[in-house]
Amino acid sequence: MDALAADFARACGYTGDSPALLEAFDAIRRNGIDRARHDHVRRKAVIDALKHSEALFLAAIGPALSAQEAVEDAARFIAFWRNMPRWRQERRLPDLIRARQQRLVARYFRRYSHRIWLLEAA
């Protein structure tokens, strides 16, 4: 058992020394790292696909006319979703996932689009 697994277990509040539980904490830690890497690669692929042109980005953010407007729309929907009853939240989960994705993309392009598309134009 490596020190990272023991440190992770202690950070989670486990103070024992059971090899089985330390191994379980290590598996949880490795799974979390793998999932974070997978999610990062997936988000990067979406961003890279939209970098090619401003028209692709504008089509991806839907009816919004700018990145700022897309961020505001996504934030508004996320707040609206949190105030829904549980049964309706479960039915609208795909919309929440889409809103979070749109917010991520819009935030990225709000911050970096001028650099990206100026380099493309040059």
Side-chain angles (χ1 to χ4, degrees):
M1 194 61 44
D2 61 358
L4 289 174
D7 290 342
F8 178 73
R10 275 197 267 2
C12 291
Y14 179 70
T15 57
D17 60 351
S18 168
L21 281 176
L22 288 174
E23 189 173 315
F25 275 111
D26 187 44
I28 291 168
R29 183 184 65 81
R30 280 184 277 119
N31 184 38
I33 291 170
D34 291 343
R35 184 173 180 153
R37 284 183 182 145
H38 173 72
D39 290 346
H40 171 74
V41 168
R42 190 177 45 120
R43 287 189 302 266
K44 186 171 179 345
V46 169
I47 296 294
D48 288 344
L50 296 175
K51 279 183 180 179
H52 298 295
S53 74
E54 190 171 1
L56 284 174
F57 166 69
L58 291 174
I61 62 173
L65 299 176
S66 68
Q68 181 62 33
E69 190 176 330
V71 169
E72 291 169 2
D73 289 347
R76 191 177 307 113
F77 179 80
I78 291 168
F80 172 70
W81 186 86
R82 288 180 181 148
N83 291 324
M84 287 181 185
R86 185 77 175 166
W87 63 271
R88 188 172 287 166
Q89 284 181 348
E90 291 169 358
R91 287 182 35 206
R92 301 284 305 265
L93 193 59
D95 295 334
L96 175 70
I97 292 168
R98 192 176 318 112
R100 285 183 175 166
Q101 180 77 24
Q102 182 176 357
R103 183 180 62 177
L104 176 90
V105 169
R107 281 181 175 171
Y108 178 84
F109 282 100
R110 181 180 61 184
R111 183 173 296 157
Y112 299 112
S113 65
H114 60 281
R115 292 182 202 164
I116 293 170
W117 292 319
L118 281 176
L119 290 175
E120 290 289 325

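Every heavy atom of this structure was used, including side-chain atoms; hydrogens, water molecules and symmetry mates were not. From a predicted model like this one, the values you see are computed outputs, not experimental measurements. We count residues from 1, following the sequence as given.
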Q | From CA spacing to verdict: side chain to side chain contact (heavy atoms under 4.5 Å, CB included), V41, K44 | A | CA-CA 5 Å; V41 168; K44 186 171 179 345; 5.7 Å; no
Looking at [atom1] of [X] and [atom2] of [Y], how far apart are the two atoms once the value is rounded to the nearest 0.5 Å?
X    : Y    : atom1 : atom2 : answer
M84  : L96  : CE    : CG    : 9.0 Å
W87  : Q89  : CH2   : CD    : 11.0 Å
H52  : I116 : NE2   : CD1   : 10.5 Å
L93  : R91  : CG    : CZ    : 12.5 Å
S113 : L58  : OG    : CG    : 9.5 Å
I97  : Q102 : CD1   : CD    : 14.0 Å

Could you pull out every donor-acceptor pair under 3.5 Å between side chains of residues 68-77 and any protein atom, sequence neighbours left out?
residue, atom, partner, partner atom, Å
Q68, OE1, R110, NH1, 2.9
Q68, NE2, E72, OE2, 3.1
D73, OD1, R76, NH1, 2.9

Q: Identify the heavy atoms of V105 and L50 that sit nearest to each other, and give their distance.
A: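 That would be CG1-CD1, 3.5 Å.
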Q | Nearest heavy atoms of L56 and A49, plus distance in Å | A |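 Distance-wise, the nearest heavy atoms are CD1-O, 3.6 Å.
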Q) side chain to side chain donor-acceptor pair (under 3.5 Å) with R43: which residues, sequence neighbours excluded? A)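 R43: no side chain to side chain donor-acceptor pair (under 3.5 Å) contacts found.
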(Q) So does R107 get a backbone contact from the side chain of R111, meaning a donor-acceptor N/O pair under 3.5 Å? (A)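 Side chain of R111 to backbone of R107: no pair is present.
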Q.
In the structure I gave you, are the side-chain heavy atoms of R88 and W81 within less than 4.5 Å of one another anywhere?
A.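 Answer no - side chains too far apart.
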(Q) With a 4.5 Å cut-off on side-chain heavy atoms, are Y108 and K51 touching? (A)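 In contact.
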Q: Test side chain to side chain contact (heavy atoms under 4.5 Å, CB included) on L104 and R100 and set out the steps.
A: CA-CA 6 Å; L104 176 90; R100 285 183 175 166; over 6 Å; no
Q | Whether F25 and Y14 hold their rings parallel, tilted or perpendicular, with breakpoints at 30° and 60° | A |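 Taking Y14 first and then F25, their aromatic rings sit tilted (interplane angle of 30° to 60°).
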For residues 29-39, dump all side-chain donor-acceptor pairs below 3.5 Å to protein atoms at least two apart in sequence or in another chain.
residue, atom, partner, partner atom, Å
R29, NH2, D26, OD1, 3.0
R30, NE, D26, OD2, 3.1
R30, NH2, D26, OD2, 3.1

